[in-house]
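Labels below follow one simple rule: chain letters A, B, ... track the order of the sequence lines, proteins then strands, and each chain is numbered from 1.
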Amino acid sequence: MKNRLIVLPGPTGAGKTEFAIELASRLGCSIISCDSRQFYREMKIGTAAPDEQQLARVRHHFVSFLSITDYYSISLFERDVLALLPSLFAENPVAVMTGGSMLYMDAVCRGMDDIPDTDPDVRSKYAGIYEREGIAALRMAVKMVDPEYYARADLHNPRRLLRALEITESTGRPYSSFLTATVRERDFSILKAGLTRERSELHSIIDSRVNRMMEQGLEQEAASLIGYRHLNALRTVGYREMFSYLDGTITREEAVSLIKRNTRRYARRQMTWWNRDREITWFDASQKELMFSWIENRLKEQ
RNA sequence: GGGGAGAUACCAAAGUGGCCAACUGGGGCAGACUGUAAAUCUGUUGUCUGAAGACUUCGUAGGUUCGAAUCCUGCUCUCCCCA
């Protein structure tokens, strides 16, 4: 019998954390967290990371295992999860992966193309060009070195253009030549069950969750991290807005409502991403038992 | 009781005779996404339609005009100042 990874995507606020814990305890397996901000041990409140009690109920992996100053990436996550799974499957043929980081999830399920690491100097060189000369300069450069990518790139998006340029220059090969979109074979099978809620319900959960974060001390947590605000890990909903408040740019109330708004937007982007993944079977949060039995039946089938 | 200001689409706010279905911002909705992705970026937002287009909008009722969100009059409401 083939090992199984149960993948549980869902927008922020749908209730994945608690749901996954219940599922994993029923199955007696552990949880792989796929949340790119809960990775960081310094960011607990603002990321709604599972608390001590929740962590005690089921063994979690990839929660609070990094410092905000560590370098990490999607491909490292893919590598680390694939390296961990055999030991999990040795104990139980099933594992649960849940979280809201869409591309990280896809990296585990489908794999990323092999692209060499880039030269940090090249990266900062192009970042400087972008700062001084704007996006038009990036476009022109991409057009020169990788016309194929230029033809299909999002020419408004500096992140995409910068990435293409740094890869092309670091490797001496056009970025587009690395992009094969090959789906990797995995030696385990994947079952995708998504957890969602009605939009309006999701919004009110998000609102109350943000209020709770404030009660739990998001302000203090952000204040303790403000010296690291330039780090990518802190370019995160909840922290950025609190930094603006701590700067005195906006009021506390404004910060709170911006956090709510930006969390809503994040949830929407998540759904946009997953909507095109036909492998996901969706369940409303109110159909918990139905979802459990669906999963258990599928597990028996094999 | 007297004087003044204003009512514009979900909200805020421009427009002060035709180029206005109406600038802009917010919010909403939708989309993209191959390496720090809770990031980064795009579109759309009166109704009907695939589209061309048609139809109804700028507090309300009238009027002026070839033509009004824009001008005039009555009414309703809001705000400010003086009593």
When both distances are under 3.5 Å in a Watson-Crick or G-U wobble arrangement, the nucleotide paired with rA51(B) is none
Please give the nucleotide sitting opposite rA38(B) as a Watson-Crick or G-U wobble pair, both distances under 3.5 Å, or none. none
Quick one: does Asp35(A) reach the base of rA38(B) with a side-chain donor-acceptor pair under 3.5 Å? yes
Going by modelled atom types, is there a donor-acceptor pair between the base of rA39(B) and the side chain of Arg160(A) at under 3.5 Å? yes
Between Trp274(A) and Trp282(A), how do the two ring planes meet: parallel, tilted or perpendicular, split at 30° and 60°? tilted
Looking at the rings of Phe292(A) and Phe19(A), which for Trp means the six-membered one, are their centres under 6.0 Å apart? yes
Sugar-phosphate only, base, or nothing, as touched by Gly111(A) at under 4.0 Å among non-hydrogen atoms: nothing
Hey, is the side chain of [X] poking within less than 4.0 Å of OP1 or OP2 on [N], counting only N and O atoms?
X	N	value
Arg235(A)	rU40(B)	yes
Tyr175(A)	rG35(B)	yes
Arg240(A)	rU40(B)	yes
Arg265(A)	rU42(B)	no
Thr12(A)	rA38(B)	no
Arg269(A)	rA39(B)	yes
Arg199(A)	rC29(B)	yes

Nearest listed nucleotide, side chain of [X], among [options]:
X	options	result
Ile74(A)	rA30(B), rC41(B), rG35(B)	rG35(B)
Arg268(A)	rG28(B), rC33(B), rA38(B)	rG28(B)
Arg159(A)	rU40(B), rG28(B), rA38(B)	rU40(B)

For RNA chain B, which residues in residues 116-148 of chain A have a heavy atom at a distance below 4.0 Å? Asp117(A), Arg123(A)
Among Val96(A), Leu290(A), Ile6(A), Thr281(A), side-chain contact (heavy atoms from CB on, under 4.5 Å) partner for Ile295(A): Ile6(A)
